[in-house]
Protein chains: 2
Amino acid sequence: METTWEHRLRSAGLRVTRPRLSVLGVLAEHSHVDADTIATAARVVHPSISPQAVYGVLKALVGGGLARRIEPAGAPALYELRVGDNHHHLVCRECGDVADVDCAVGAAPCLTPSDAAGFVVDEAEVVFWGLCAGCQVARRQHGYGAGIAIRGGATA
Amino acid sequence: METTWEHRLRSAGLRVTRPRLSVLGVLAEHSHVDADTIATAARVVHPSISPQAVYGVLKALVGGGLARRIEPAGAPALYELRVGDNHHHLVCRECGDVADVDCAVGAAPCLTPSDAAGFVVDEAEVVFWGLCAGCQVARRQHGYGAGIAIRGGATA
DNA sequence: CCCTTCTCTTGACTCAGTCAAGACAACCGG
DNA sequence: CCGGTTGTCTTGACTGAGTCAAGAGAAGGG
Ligand SMILES: [Mn+2]
Ligand SMILES: [Mn+2]
Ligand SMILES: [Zn+2]
Ligand SMILES: [Zn+2]
């Protein structure tokens, strides 16, 4: 059972191209990256790649199930290769850093709404908002310690 | 204990203005509306209101805790008055319709991530993706029945 | 009623992403 | 190995949602 990028592209019905391989290469090293960062990194190995090619490649990869797209509120979309495992995300309100959270329940959707209002639900997307370790330290050092009012109102 | 909009604005440290009252009026009748819809509706009662005023008012209301902003992936931000009850949302992949969900049932791994990776979490945001009742019917009638590949990877 | 300060209007501008036309290159068949 | 057929990439224009800034206007404390 082949698992090279070439094979995975082909079995998704996609042609194997240099732009696609370089974007996949970037995604393999960085998780939760935006299109612009991907373009910059991909240009190291394939200098002529255009921003629009990156958008196109990413759309193809997501459509083919090779990549996943997440859109944290107030930030450009992020892409990752971890796909099909229904995992969730921690997002830092301060620096935007994103960390993976394995879903304790496993299968999607991992939660069931109390009243689905007639909806057929196929996915439960969970985003945990907070402060990453680094930003907690930075706050304390700059005198923002103790109880700060954090944007967003409702506290878990 | 006063609960008029005027009072609530003032106790949030905000002045009472016509644009703010008309936006609040719109929010009181429609839930989960975008800025543009709000502007159009507010213009009925206050014709001279500018789009930027609506953005400004909404930012003030959210900042003052009178309104909540949600940003479903791939759609403009939506606003509502239900605030401080940490409720969640069902979003239709087809028509974008949004419904409120009081709380999730079942295991609650999603209020406390198994491994918070050093983050201090203050909010768990949950979005249930699926098809609303109306769009389920529409699909069946147009021959899209049975198992369709739905965007987003993991299928329930 | 006046003055200060906050808020609104107007208009330019940003950012992330899309759309479309044509050049180009991957892959299939011969 | 070569040529033709598509699918993909490049280039460049464009959109939509939202921000920023300057000045006019109005809210509300004194
Ligand atoms: Mn992830
Ligand atoms: Mn709601
Ligand atoms: Zn951080
Ligand atoms: Zn629908």
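Here is how names work: the chains are called A, B, and so on, in the same order as the sequence lines, proteins then strands, and each is numbered from 1. In this text the structure is predicted, and so the values were computed from the model without any measurement.
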In terms of the nearest nucleotide of DNA chain D, which residue is placed more toward the 5' end: P19(A) or L14(B)?
->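 Nearest-nucleotide comparison on DNA chain D picks P19(A).
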Length of the line joining [X]:[atom1] and [N]:[atom2], which is rounded to integer Å:
X      : N       : atom1 : atom2 : result
H46(A) : dT8(D)  : NE2   : P     : 15 Å
R18(A) : dA23(C) : CZ    : P     : 23 Å
L61(B) : dT7(C)  : CG    : P     : 11 Å
E6(B)  : dA26(D) : CD    : P     : 18 Å
R15(B) : dT7(C)  : CZ    : P     : 6 Å
I49(B) : dT7(C)  : CD1   : P     : 14 Å

Compare side-chain N and O positions of [X] against OP1 and OP2 of [N] and report whether any pair is under 4.0 Å apart.
X      : N       : result
R10(A) : dC27(C) : yes
R20(A) : dT8(D)  : yes
T17(A) : dG7(D)  : no

Just by modelled atom types, is the [Y] backbone N or O under 3.5 Å from a matching donor or acceptor in the [X] side chain?
X      : Y       : value
E94(B) : R139(B) : no
T40(B) : D36(B)  : yes
E6(B)  : L21(B)  : no

Indicate, with a heavy-atom threshold strictly under 4.0 Å, whether S50(B) touches base, sugar-phosphate, or nothing.
->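 Base contact - S50(B) has a heavy atom under 4.0 Å of at least one base atom.
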If you check every side-chain atom of V57(A), which of dG7(D), dT9(C), dC9(D) has the closest atom?
->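 That would be dC9(D).
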Given dT8(D), dC8(C), dT5(C), the nucleotide with the shortest approach to the side chain of A53(B) |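 My answer, after comparing the listed nucleotides, is dC8(C).
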Taking side chain as C-beta onward, heavy atoms only, is [X] less than 4.5 Å from [Y]?
X      : Y      : result
R15(B) : R20(B) : yes
H88(B) : L90(B) : no
R82(A) : H87(A) : yes

Do any N or O atoms of the protein come closer than 3.5 Å to N or O atoms of nucleotides 13-20 of chain C, and which pairs are they?
residue	atom	partner	partner atom	Å
dG17(C)	OP1	A77(A)	N	3.1
dG17(C)	OP2	Y55(A)	OH	3.4

Show every donor-acceptor pair shorter than 3.5 Å between a side-chain atom in residues 46-64 of chain A and any protein atom, with sequence neighbours excluded, or say none if there are none.
residue	atom	partner	partner atom	Å
H46(A)	NE2	S48(A)	OG	3.3
S50(A)	OG	A53(A)	N	3.1

